[in-house]
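Values reported hereafter were calculated over all heavy atoms of this structure, with side chains retained and with hydrogens, waters and symmetry mates removed.
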Amino acid sequence: QVHVAESGGGLVQAGGSLRLSCAASGDTLNNNAMAWFRQRPGEEREFVAAIKWSNGWIQYADSVKGRFTLSRDRAKNTVGLEMNLLQSADTAVYYCAAHNPEGSAFYRRADRWSFWGQGTQVTVSS
C-alpha cells in the first residue's frame, strides 16, 4: 500500500503562481510513476502531468504545457508541480496519484492509477 499526500493549494490571483507538493510513503519500492490530476465541480478528473519514476520522463496535458512544471525528488519520493500564469480555468481540486501498472501509455487515464491522495483545492481569482 502506498499513501499519497498533497499540500500547497490555496487562493491566487490570475496570472500568479502556486506550487503543489506530493509525498508518497509506505510500500513505495515498486512505485513506477506519479501524476497530477484535477477535477472541477461536476466534471471528470482531468490529467495534468505525470512522471515516469525510472527515467524522469514527463508528460503534460496540452492545457498546462509551458505553464506548469513537474519535478521530483527520488530520494524523498516526492513530486512538485510548479504552476505559473494561472487562469480561472485552472481552478479545481488537484489530486496526486501513484503507480500506474499499465505504463506510460495509460498515464492520462485516471482509472489506471492505483493510489490517490485526498486532493488540495486551487482557486484562481480573476
Side-chain angles (χ1 to χ4, degrees):
Q1 190 77 8
V2 177
H3 178 69
V4 180
E6 307 96 339
S7 62
L11 174 65
V12 63
Q13 289 188 331
S17 300
L18 204 60
R19 178 178 172 82
L20 305 182
S21 295
C22 174
S25 60
D27 187 15
T28 59
L29 185 63
N30 297 315
N31 181 31
N32 63 0
M34 294 185 73
W36 287 97
F37 285 76
R38 64 188 183 186
Q39 190 167 20
R40 304 179 187 89
E43 298 185 10
E44 294 186 353
R45 203 161 289 191
E46 175 192 26
F47 172 77
V48 175
I51 184 166
K52 189 173 186 179
W53 217 242
S54 62
N55 60 10
W57 179 78
I58 296 174
Q59 187 177 43
Y60 292 100
D62 289 345
S63 59
V64 306
K65 202 173 295 183
R67 299 188 299 123
F68 290 14
T69 302
L70 181 62
S71 61
R72 66 169 177 174
D73 185 326
R74 292 190 70 176
K76 296 181 179 179
N77 283 311
T78 60
V79 293
L81 186 68
E82 184 73 30
M83 305 185 293
N84 298 312
L85 298 174
L86 284 162
Q87 308 162 357
S88 56
D90 296 315
T91 295
V93 177
Y94 282 70
Y95 294 92
C96 183
H99 195 56
N100 189 316
E102 301 190 40
S104 58
F106 294 90
Y107 280 2
R108 295 175 183 267
R109 293 279 303 266
D111 61 347
R112 305 302 172 96
W113 290 85
S114 299
F115 306 102
W116 290 89
Q118 294 297 308
T120 185
Q121 176 71 46
V122 172
T123 302
V124 183
S125 63
S126 56

> Parallel under 30°, tilted from 30 to 60°, perpendicular over 60°: which one fits the rings of Trp113 and Phe37?
Replying inline: perpendicular
> To the nearest 0.5 Å, how far apart are CG in Asn100 and OG in Ser114?
Replying inline: 7.0 Å
>> To check you understand the geometry: which heavy-atom pair defines the closest contact between Ser17 and Asn84, and what is its length?
In response: OG-OD1, 2.7 Å
>> Please report the interatomic distance CD1(Ile58) to OG(Ser104), rounded to the nearest 0.5 Å.
In response: 13.0 Å
> Which heavy-atom pair separates Leu18 from Gly8 by the least distance, and what is that distance?
Replying inline: CG-O, 3.7 Å
>> When you compare the side chains of Thr78 and Asp73, does any donor N or O come within less than 3.5 Å of an acceptor on the partner?
In response: no
> Hey, is the main chain of Ser7 close enough, under 3.5 Å, to the side chain of Ser21 for a donor-acceptor pair?
Replying inline: no
> Nearest 0.5 Å, what's the CD1-CZ distance between Ile51 and Arg74?
Replying inline: 9.0 Å
>> Minimum heavy-atom separation for Trp116 and Ala110, please, with both atom names.
In response: CZ2-O, 3.2 Å
>> Do the side chains of Arg109 and Glu102 get close enough for a salt bridge, i.e. N-O under 4.0 angstrom?
In response: no
> Are any side-chain N or O atoms of Arg19 and backbone N or O atoms of Met83, one a donor and one an acceptor, separated by less than 3.5 Å?
Replying inline: no
> Does Asn31 reach the main-chain N or O of His99 with its side chain, forming a donor-acceptor pair under 3.5 Å?
Replying inline: yes
> Do Arg67 and Asp90 touch side chain to side chain, with heavy atoms closer than 4.5 Å?
Replying inline: yes
>> Run Val4 and Cys22 through side-chain contact (heavy atoms from CB on, under 4.5 Å) and show every step you take.
In response: CA-CA 7 Å; Val4 180; Cys22 174; 3.4 Å; yes
>> Quick check for you: to the nearest 0.5 Å, what is the distance between Trp36 atom CH2 and Tyr60 atom OH?
In response: 12.5 Å
> Are Tyr94 and Gln121 side-chain neighbours, meaning at least one heavy-atom pair lies under 4.5 Å?
Replying inline: no
> Would you call Leu85 and Gln87 a side-chain contact if the rule is heavy atoms closer than 4.5 Å?
Replying inline: no
> Is there side-chain contact between Arg38 and Val64, with heavy atoms separated by less than 4.5 Å?
Replying inline: yes
>> Tell me whether the NZ or CZ atom of Arg45 lies within the 45° cone about the ring axis of Tyr95 and under 6.0 Å from its centre.
In response: yes
>> Using only atom types and a distance under 3.5 Å, with no angle test, would you say the side chain of Arg112 pairs donor to acceptor with the backbone of Ala105?
In response: no
> Taking all atoms of both residues into account, what is the closest heavy-atom pair of Arg108 and Ala61, and its distance?
Replying inline: NH1-CA, 3.9 Å
> Just by distance, do the side chain of Glu6 and the backbone of Gln118 share a donor-acceptor pair under 3.5 Å?
Replying inline: yes
>> If you define the side chain from C-beta out and look only at heavy atoms, does anything of Val48 sit under 4.5 Å from Leu81?
In response: yes
> Side chains of Phe68 and Glu82: does their closest heavy-atom pair fall under 4.5 Å?
Replying inline: no
> Which of these passes side-chain contact (heavy atoms from CB on, under 4.5 Å) with Met34: Thr28, Asn77, Val79, Leu70?
Replying inline: Val79
> Going from OG on Ser126 to CG on Leu86, what distance comes out if it is rounded to the nearest 0.5 angstrom?
Replying inline: 12.5 Å
>> Within the 4.5 Å heavy-atom criterion, are Gln59 and Phe47 side-chain neighbours or not?
In response: yes
> Given Phe115 and Gln1, is the side-chain contact (heavy atoms from CB on, under 4.5 Å) satisfied, shown in steps?
Replying inline: CA-CA 8 Å; Phe115 306 102; Gln1 190 77 8; 3.7 Å; yes
>> Taking the side chain as everything from C-beta on, heavy atoms only, tell me whether Val12 gets closer than 4.5 Å to Thr123.
In response: no
